[in-house]
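The block underneath contains the structure these notes are about, expressed in structure tokens.
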Amino acid sequence: MVELRSTGKPRAAVRTWTSFMTDFSIIGKPIAMVDAAEKTTGAGKYTDDLSLPGMLIGKILHSPHPHARIKRIDTSRAQKLNDVIAVVVGADAPNPYGILPVGHDEHALAIDKVRYIGDNLACVVAVSEATAEAALELVEVEYEILPAYFDPEESMKAESNLIHDNKPHNLEKDYHHTFGDPDKGFAQSDYVTESRYLANEVTHAAMEPHSTLASFDIDSQTGQAGRLTVWSSTQVPYYLQHKLSLVLDMPMSQIRVIKPLVGGGFGGKSEVIPLEIIAAVAARKAKAPVKITYTREEVFWAHRGRPRTIIDLKTGVKNDGRITAVKARVVQDGGAYCSYGVVTILYSGALLGALYDIPNIHYDGYRVLTNKPACGAMRGHGTVNVRFAFESQLDEIAGRLQIDPAEIRRRNLLKPPCITVNGLRVQSYGLPECIDKIVERSGWKSRKGKMPKSRGLGIACSHYVSGAANSIIRSDMPHSTVNIKIDRDGGVVVYTGASEIGQGSDTMTAQVAAETLGCALSRIKIVAADTDLTPIDIGSYSSRVTFMAGNATMRAAQEVKKQIASAAAKKMNCAPEDLVFRDDSVFKQSTDHVGAGLRPAQEEQNSASVSGRVEGQILRGSLQQKRKDEGPKDSMSFEEAVVATIDFHGALTGTGSYAPPLEARGGKHKGGGVGPSPAYSYSAQVAEVSVDEDTGEVTVHKVWAAHDCGRALNPVSVEGQIIGSVWMGMGQALTEEMVWKDGLLMNPGLLEYRSPSSVESPEIEPIIVESIDPEGPFGAKECSEGSLAATIPAIANAIYDAVGIRLRESPFTPERVLAALRAKKNAKTLDMTEGVDPTAPVRLREHGGALWFKGKGPERHELDPARRTEGG
Amino acid sequence: MKKQLIELRVNGRPRELAVEPSKLLLETLRQDLQLTGSKRGCDDSSCGACTVLIDGVPMLSCTLLAASCEGQEITTVEGVSEHGALAAIQKAYGDWGGAQCGFCTPGFMMTVKHLLATTANPSEAEIREALSSNLCRCTGYSQMYQAIKAAIEAEQKGMDSLSQQVAK
Amino acid sequence: MSLADFKLLRPRTLDEAISLLAPQAGEGARATRVIAGGTDLIPSMRQKLFEPEYVLDIRQIAELKGIRETEQGTEIGALTTLSCIERSSVLKQHYPVLVEAAKTVASPVIRNMATLGGNICLDTRCLWYNQSLTWRKSCGFCIKKDGDLCHVAAGGKKCWAAFSGDTPAALLCLEAEIELAGPQGTRRLPLNDFYTGEGDSYRRLQLNELLTRIILPKATADLSGTYRKLRIRGSIDYPLAGVAITLKCLNGHIESGRIALTAVNPAPVLVKKASEVLQGKRLDEELAELVGDLAAKTAKPLTTSALTPEYRREMIRVFTKRALLALAN
Ligand SMILES: Cc1cc2nc3c(=O)[nH]c(=O)nc-3n(C[C@H](O)[C@H](O)[C@H](O)COP(=O)(O)OP(=O)(O)OC[C@H]3O[C@@H](n4cnc5c(N)ncnc54)[C@H](O)[C@@H]3O)c2cc1C
Ligand code: FES
Ligand code: FES
């Protein structure tokens with residue numbers, strides 16, 4: 001850690017809801033989301049709610065084999081079925097694509113090989129869903145089955161039958177980083193511990209299944225198909241536009257992507273999902289609008305969730321608990337395509353830093369290809385599983401050294417502003433306050449160690465980026481740009497490319513614009529995420545929107561505000577700097593601004609008295625006239641000021657953009673571009689659990705979650721995001737797991753993939769900590785992802801506190817917990833492995849039935865690695 | 001398959017439709033009546049996003065045949081708001097963060113509407129139980145409890161002021 | 001996932017239903033399917049597990065609904081919903097174990113639709129079976145539907161799909177009888193005889209028959225009883241193991257006791273020896289342990305669902321023991 005010169009800024013101020021009513025009028029207020037009514041009335045439109053005249057339905061044929069060469073594909077019988085309009089195959093759009101420039105390994109539809117059960121082979125376009133489904137049964141495909149790989153450590157040994165020919169040993173990417181001098185660090189330590197952790201695979205399971213509607217216009221000049229419009233449930237409309245252009249060989253200017261309401265993303269819609277490309281290709285071939293909506297099973301195949309991760313972690317500490325060195329080897333079971341994989345494996349290493357002060361780090365990361373659906377970015381991208389390992393190990397160390405687990409974390413704090421050993425710049429740092437708060441609220445000091453039998457408390461911390469400092473497409477382009485237009489009607493239209501996916505992006509934009517302009521929230525109209533209308537924003541991922549699009553919005557608003565101020569100043573006979581914009585009016589700083597509450601009421605009266613029966617423009621004209629007659633004033637309404645400005649300057653528009661500062665863009669090492677962020681959020685949590693020692697069932701009673709979000713722009717939203725993150729972390733900790741049998745997903749539905757219901761969802765007490773980041777909009781940082789990672793280890797540590805078992809494999813299902821309890825007591829053991837496929841590699845059998853579900857399963861090649869170890 | 005003429009009562013209005021006997025109520029609402037408020041979140045009847053009221057009782061519209069609902073009163077989320085304004089529960093869901101992405105919200109509106117209609121002052125446990133048919137992936141449910149309590153309070157206040165007016 | 005085409009029949013009376021069913025019954029995959037609440041049938045039809053030519057919707061038949069006290073005991077119409085059973089004061093008072101089991105089924109909204117008849121007739125379940133057509137194709141189907149091999153059982157020649165209804169375990173403890181109506185009239189049989197123990201042809205219901213009533217005998221009224229269910233979530237989930245127990249105690253001694261299991265075998269089953277062992281004894285830790293072991297031996301779970309079979313069997317033991325001790329206090 002390199003300490004930076006202190007900015008002299010006071011330390012984070014800790015505030016709670018009630019004390020938010022600061023000097024702002026809209027920021028910090030718990031307001032309803034601007035689109036709440038659309039959602040509660042059902043009036044809002046999600047992609048699948050849209051239809052176009054003549055619209056057709058597309059259905060995709062998926063591979064039944066985990067790895068096979070396509071010898072022949074014959075669509076003629078399907079094509080002949082009544083009401084089938086077109087059948088699309090790989091050859092219709094052979095250009096490869098992928099979300100990362102280094103990972104263009106996907107095709108709209110498979111060209112010569114299928115690489116996982118669920119891979120996309122063909123798409124039938126028909127008049128109805130039922131017809132399209134029936135036609136799928138008529139597509140004939142002949143395969144040559146190839147050996148398949150399901151276990152990353154087996155896959156890494158592969159010499160032949162590679163998943164992608166250009167990836168030797170099925171290794172998507174590996175990184176080996178050394179920061180500081182880890183050997184020396186371990187040598188200096190008093191205590192070293194090392195363990196293997198395993199986090200099983202989870203997925204986003206957003207409630208809205210992906211949906212895309214694609215339609216071509218007819219060009220007036222050529223009379224042929226012209227521009228393409230795509231409505232899609234996406235977090236990244238601009239990346240989608242870019243990839244569509246690649247695959248369809250069309251200029252980006254001829255493609256318009258519109259994002260309607262999106263029913264949750266969590267990263268699952270943060271890259272281009274096969275159906276988005278397929279729908280466009282299908283619409284081109286069918287010469288009609290085509291809509292494809294995934295079944296829930298297809299959503300699971302599209303996946304892009306959090307990979308199953310094997311973590312070998314070693315930590316060295318001094319007797320006082322100070323960490324001297326950390327070594328981590330991380331292997332990720334990435335699935336059949338690159339997706340965000342290279343970024344994920346880098347985050348896993350980079351985010352070892354920036355939470356605590358760790359002087360020496362060694363990291364080996366392996367992203368491995370396997371014949372399963374591709375993993376990608378999921379809430380807490382890259383950090384979650386490693387954080388589970390790290391915080392669990394830290395707890396173990398604290399126990400060993402007899403240091404309070406909260407205290408050991410305090411002893412390893414960073415001293416910001418600083419740059420960590422792996423090149424991450426940390427400025428605002430509310431972690432100490434987060435720890436203090438949860439210790440206080442949970443009664444940690446008085447209750448820890450004195451809990452009733454089988455009940456325990458566990459603590460853990462986490463952090464996350466507020467947007468990546470480097471975009472995935474290396475360029476100097478701003479990451480967000482926002483335009484504002486104000487017209488004579490006094491309405492403020494904000495054009496932003498930022499993608500609302502339920503996290504409150506549109507509301508944040510409206511609040512930031514209204515606060516900056518000092519106008520009423522009701523004046524703001526958001527036009528968002530439409531590539532034709534809104535300037536580029538790279539999307540809703542890595543928790544970047546509030547920080548980046550928020551800053552861009554603020555800058556755009558400041559630009560128009562400047563213009564309004566100069567016009568209003570002339571009217572008021574003062575300098576623009578003397579003006580205050582607030583509560584929908586503009587007034588001289590010197591005037592006694594008589595309370596925020598009074599003004600609007602006065603204004604109302606005022607305009608009412610002038611308005612009479614006249615409307616719109618005439619009203620404003622007469623208002624102007626009246627003002628002129630009265631001579632200079634000390635204040636004007638926002639609307640008057642706007643009209644005055646437009647009279648002076650003409651149209652009132654402003655643009656603001658944001659690019660992360662150079663200092664925040666990270667170290668120069670290979671892969672050093674991933675991990676740096678302009679600001680990090682911090683979280684500390686205490687979980688209270690009880691364990692049923694006869695059944696192994698774990699009940700989470702309560703989680704106290706303190707989160708440093710810089711400034712809470714909208715406390716209801718911030719609390720909602722904290723709760724949602726903690727809750728999703730709890731799902732991964734206890735109930736959620738993708739269960740596989742030879743690449744076949746055993747639980748591809750919401751009945752068997754168990755997202756928690758309200759009954760077992762605990763009380764979560766969100767505690768907002770505000771560290772006021774120097775660069776965030778109004779001091780704001782991330783609040784939607786960072787909390788997730790702390791929950792899993794907090795629960796694991798609480799289970800240890802309750803019953804003395806260390807769970808190193810997630811989720812902590814009752815069978816795993818009971819097996820550990822029995823082993824500890826040396827009681828009659830529950831053989832977790834009895835039911836496991838005997839042909840599974842021995843190493844994997846240790847972990848029970850989850851990965852290698854017992855059963856015959858899909859047809860396999862005789863050279864399959866798993867077959868080779870038969871009986872072994 | 002040949003379509004069949006059926007008459008459904010939806011949100012108080014009779015609607016005559018030609019549908020296949022195999023058509024699910026959810027598809028009929030969304031595709032034939034353009035009532036797209038009810039959502040499809042799953043294919044195994046496990047998520048509750050499609051919940052509607054059938055004769056006042058919440059049921060899964062993805063698990064009912066449209067033709068089986070003839071003669072029954074169907075209420076969808078589009079029938080919840082009152083006289084062009086938000087019902088108390090809708091307002092409260094907005095104010096308290098009960099809806100984030102909103103995809104599960106129409107389903108919750110229906111189950112909560114039924115809860116409020118049948119249980120005067122539900123306890124926290126009763127609320128949890130009542131919500132347990134619907135999955136939400138965003139909120140962790142917590143803020144929904146606050147919203148429901150706020151809606152009950154708002155309605156009671158509304159009732160009080162109404163009865164006061166009447167008394168006057 | 002749309003449903004395959006069918007013709008819908010909507011009789012208003014039982015007689016009409018029987019007369020419609022008899023000639024249309026059909027056979028095999030195309031056989032007519034009766035739909036009550038539809039909460040089992042509809043998801044299965046979406047997965048193309050059934051593609052019937054006719055669907056007989058019995059929801060309109062009023063005479064199949066409701067709970068009635070009679071000379072012999074209490075009769076429940078097959079169409080009575082589970083939420084109706086949950087709320088029934090008669091059942092709460094006299095047959096609490098049934099109410100408790102009904103309350104654990106699926107979720108409140110599903111219980112508004114789900115019928116008791118449907119719960120009894122519920123198809124057996126298996127992760128290799130309850131999947132979409134595409135999914136099933138990718139593993140060459142299974143013996144229960146379209147294939148010739150069981151994925152989970154050694155040898156693979158018998159279907160081991162698990163019966164996963166909650167209420168039948170309680171009903172077995174209550175010695176319930178059921179009434180079936182067909183073109184030849186009605187027949188009555190103990191519920192226990194309704195199930196075959198096979199995973200595929202799991203029930204003894206002729207294609208032209210309807211389940212009309214469930215009869216709870218007077219003899220088993222007012223027994224103390226309880227139902228314990230293993231599930232991962234507190235709602236929605238099917239049972240992964242279930243134990244129902246009824247006891248009749250006098251002066252601290254057990255006069256009679258019955259234990260039934262569900263979700264761990266292809267049929268809900270009574271733990272036969274348990275009744276003998278319990279009879280006349282005073283319930284203590286040791287006896288509870290012994291009976292728990294008996295129950296666990298009766299359970300034959302395989303990898304048909306989430307959680308390992310070993311664990312599920314173990315939970316049968318733990319639940320049985322715990323429930324017995326809880327009832328004894
Ligand atoms: C998400 C989900 C979770 C579930 N969880 C549970 C659970 O926890 N426990 C549980 O027990 N069940 C569960 N179920 C299954 C189901 O909801 C119940 O078993 C329900 O009671 C079935 O009743 P139904 O009326 O809906 O049956 P239907 O689907 O209408 O019928 C089921 C079967 O019975 C036949 N049938 C129905 N009535 C008659 C009759 N009168 N005569 C002849 N045949 C008849 C049908 O032909 C069909 O084969 C769940 C279902 C879902 C979708
Ligand atoms: S759509 Fe999921 S339950 Fe109806
Ligand atoms: S608000 Fe998004 S699923 Fe509930």
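First the proteins, then the strands, lettered A, B, ... as listed; each starts at 1. FYI, side chains are in, hydrogens and waters are out, and symmetry mates aren't considered; it's all heavy atoms of this structure.
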Would you say that [X] contacts [Y] through its side chain, given a criterion of any heavy-atom pair below 4.5 Å between the two side chains?
X	Y	value
B:Ser45	C:Thr39	no
B:His114	C:Val109	no
B:Ser133	C:Ser235	no
B:Leu65	C:Asp57	no
C:Leu3	B:Glu27	no
B:Ser68	C:Leu8	yes
B:Leu24	C:Arg46	yes

How far does [atom1] of [X] sit from [atom2] of [Y], to the nearest 0.5 angstrom?
X	Y	atom1	atom2	result
B:Lys2	C:Lys7	NZ	NZ	10.0 Å
B:Cys69	C:Arg59	SG	CZ	5.5 Å
C:Ile42	B:Asp43	CD1	CG	13.0 Å
C:Met45	B:Thr63	CE	OG1	12.0 Å

Just wondering, more than 12 heavy atoms not from [X] lying within 6.0 Å of its [atom1]?
X	atom1	result
C:Arg68	CZ	no
C:Lys48	NZ	yes
B:Lys91	NZ	no

Quick check on C:Ala106 against chain B: is it the side chain, the backbone, both or neither that has a heavy atom closer than 4.5 Å?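 For C:Ala106, no heavy atom lies under 4.5 Å from chain B.
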Can you tell which part of [X] gets under 4.5 Å to a heavy atom of chain C, answering side chain, backbone, both or neither?
X	answer
B:Cys62	both
B:Thr111	side chain
B:Arg40	side chain
B:Leu135	side chain

Over all atoms of both residues, closest heavy-atom pair of B:Leu60 and C:Met113: N-SD, 3.3 Å
Here the pair of heavy atoms bringing B:Pro58 nearest to C:Asn112 is O-ND2, 3.0 Å
Side-chain ion pair, C:Arg12 and B:Glu70, N-O less than 4.0 Å: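 No salt bridge links C:Arg12 with B:Glu70.
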So which residue, C:Gln60, C:Met1, C:Gln47, C:Arg10, ends up with the most heavy-atom pairs under 4.5 Å with chain B?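 Top option by heavy-atom pairs under 4.5 Å: C:Arg10.
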So which of C:Ser2, C:Gly234, C:Pro43 has the biggest tally of heavy-atom pairs under 4.5 Å with chain B? C:Pro43
